[in-house]
Amino acid sequence: MSMHPSPSVERPVILTGDRTTGPLHLGHYVGSLRNRVALQHSHHQHLLLADAQALTDNAHDPAKVRRNVLEVATDYLAVGIDPDVTTICVQSALPALAELTVLYLNFVTVARLERNPTIKDEIQARGFGRDIPAGFLCYPAAQAADITAFKATVVPVGEDQAPIIEQTNEIVRRLNKQAGRDLLPEAQALIPAVGRLPGVDGRAKMSKSQGNAVLLSASDKEITAAVHRMYTDPHHLRASDPGRIEGNVVFTYLDAFDEDHQAVAELKAHYQRGGLGDMAVKRRLEAVLHGIVGPIRERRAALARDPAFVMDVLRTGTARARDLTAATQAEVHAGLGLFTWT
Ligand code: TRP
């Protein structure tokens with residue numbers, strides 16, 4: 001029996017997703033997973049395992065993209081996404097998304113795609129130079145298809161994705177204008193209050209490929225090792241010296257994970273005053289992270305022993321999403337006045 005909230009109850013619709021290029025880490029947890037767990041009971045939530053989008057910069061390694069569909073799904077379930085209230089679905093198994101993408105590509109210019117700040121940054125980071133896969137350049141149109149196919153109005157993403165949502169809304173406005181009515185709703189990016197989590201080395205972004213990530217499957221030992229090598233204040237040589245908390249990764253993590261804000265504030269003041277060593281602060285962070293990651297890791301291990309259950313969740317969620325997205329695709333097709341058999 002489905003426990004999905006009845007559609008007659010007005011709940012905002014959430015759609016978000018992750019490229020299936022690797023298991024998720026603490027950056028994802030802070031950036032979006034935590035929000036999703038909190039919002040799933042007050043919203044209609046759909047999560048997309050974005051394997052088709054993952055292929056836009058991983059065409060050379062489809063096996064990795066495929067393998068990580070199950071990994072990311074396992075991460076979702078392990079952090080507390082409840083498949084009875086959240087739809088978890090596989091992007092490449094939803095043909096309506098591909099059909100909508102092809103339509104939407106006519107409502108966006110190449111110049112606009114090239115100007116998208118997220119795309120620009122990502123092209124730079126991937127070192128594509130002039131050899132940009134067309135699928136990559138066009139992924140904002142595909143993401144607009146993802147979002148609108150579910151008629152989502154709320155999209156929880158990291159701040160780096162905000163320009164993609166902006167571009168989605170531009171496409172929506174153009175489509176609605178062409179259709180002469182509000183075929184599709186605009187969406188709002190929901191960006192977490194704490195900014196992006198830096199890597200343990202102090203670099204701006206946590207990323208598995210950069211080797212500066214803490215995975216949701218990390219053991220206590222791995223967490224401890226990561227915290228020990230965390231970037232602090234390079235000028236804070238003796239515990240008695242005053243230390244800087246700005247750019248100090250250990251404090252950035254405490255802000256993101258420690259729920260005792262009062263204690264963190266006192267720790268910061270003490271550190272700035274002098275008299276508090278890095279190790280004392282690191283030990284506190286270690287304990288906080290063990291407390292958060294431990295239960296996730298255990299649930300993850302149990303799920304990994306039951307891949308048939310995870311597959312079943314995907315099958316059910318994808319079937320539901322297929323109906324939903326096909327209905328929207330048909331509405332858009334008809335709304336634009338394209339050919340129909342009737
Ligand atoms: N582009 C997103 C990322 O890299 C993943 C994604 C794919 C997504 N489709 C989406 C996010 C739809 C939000 C909505 O993280």
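Values reported hereafter were calculated over all heavy atoms of this structure, with side chains retained and with hydrogens, waters and symmetry mates removed. For ligands, and for the atoms within them, numbers begin at 1 and follow the listed sequence. By convention here, the first residue in the shown sequence is residue 1.
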Which atoms from ligand 1 have a heavy atom of [X] less than 4.0 Å away?
X: Val157; result: 11 (C), 13 (C)
X: Thr16; result: 11 (C), 13 (C), 14 (C)
X: Ala50; result: 7 (C)

Looking only at protein heavy atoms, which one is nearest to [atom], and what is the separation?
atom: atom 11 (C) of ligand 1; result: Gln143 NE2, 3.4 Å
atom: atom 5 (C) of ligand 1; result: Gly17 O, 3.5 Å
atom: atom 7 (C) of ligand 1; result: Gln53 NE2, 3.3 Å
atom: atom 4 (O) of ligand 1; result: Arg19 NE, 3.3 Å

inquiry  = Gln161 versus ligand 1: do any nitrogen or oxygen atoms come within less than 3.5 Å of each other?
reply    =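 Gln161 vs ligand 1: N/O contact under 3.5 Å present.
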query = Quick one: does Asp146 get an N or O within less than 3.5 Å of an N or O on ligand 1?
reply =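 Yes - when backbone and side-chain N and O of Asp146 are compared with those of ligand 1, one distance drops under 3.5 Å.
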Quick test of your reading of the model: are [X] and [Y] salt-bridged, counting only N-O distances below 4.0 Å?
X: Lys268; Y: Asp255; value: yes
X: Arg297; Y: Glu222; value: no
X: Arg36; Y: Asp18; value: yes

task = Under the ring pair (Phe, Tyr, Trp, His ring centres under 6.0 Å) rule, what do His333 and Phe339 come out as? Steps first, then yes or no, please.
result = CA-CA 8 Å; His333 191 94; Phe339 176 81; 8.0 Å; no
key: Gln53-Gln143 side chain donor-acceptor pair, cut-off 3.5 Å   =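 Yes - a donor-acceptor pair under 3.5 Å links their side chains.
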request  = Verify the neighbour count for atom CE of Met279: are there more than 12 heavy atoms of other residues, nucleotides or ligands below 6.0 Å?
outcome  =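 Atom CE in Met279 is crowded, with more than 12 foreign heavy atoms closer than 6.0 Å.
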request  = Fit a plane to each ring of Phe136 and Tyr139, take the angle between them on a 0 to 90° scale, and name the class: parallel (under 30°), tilted (30 to 60°) or perpendicular (over 60°).
outcome  =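 Judged by the thresholds at 30° and 60°, the geometry between Phe136 and Tyr139 is perpendicular.
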Region of Val155 that comes within reach of ligand 1 [heavy atoms, distance under 4.0 Å] =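 Side chain only.
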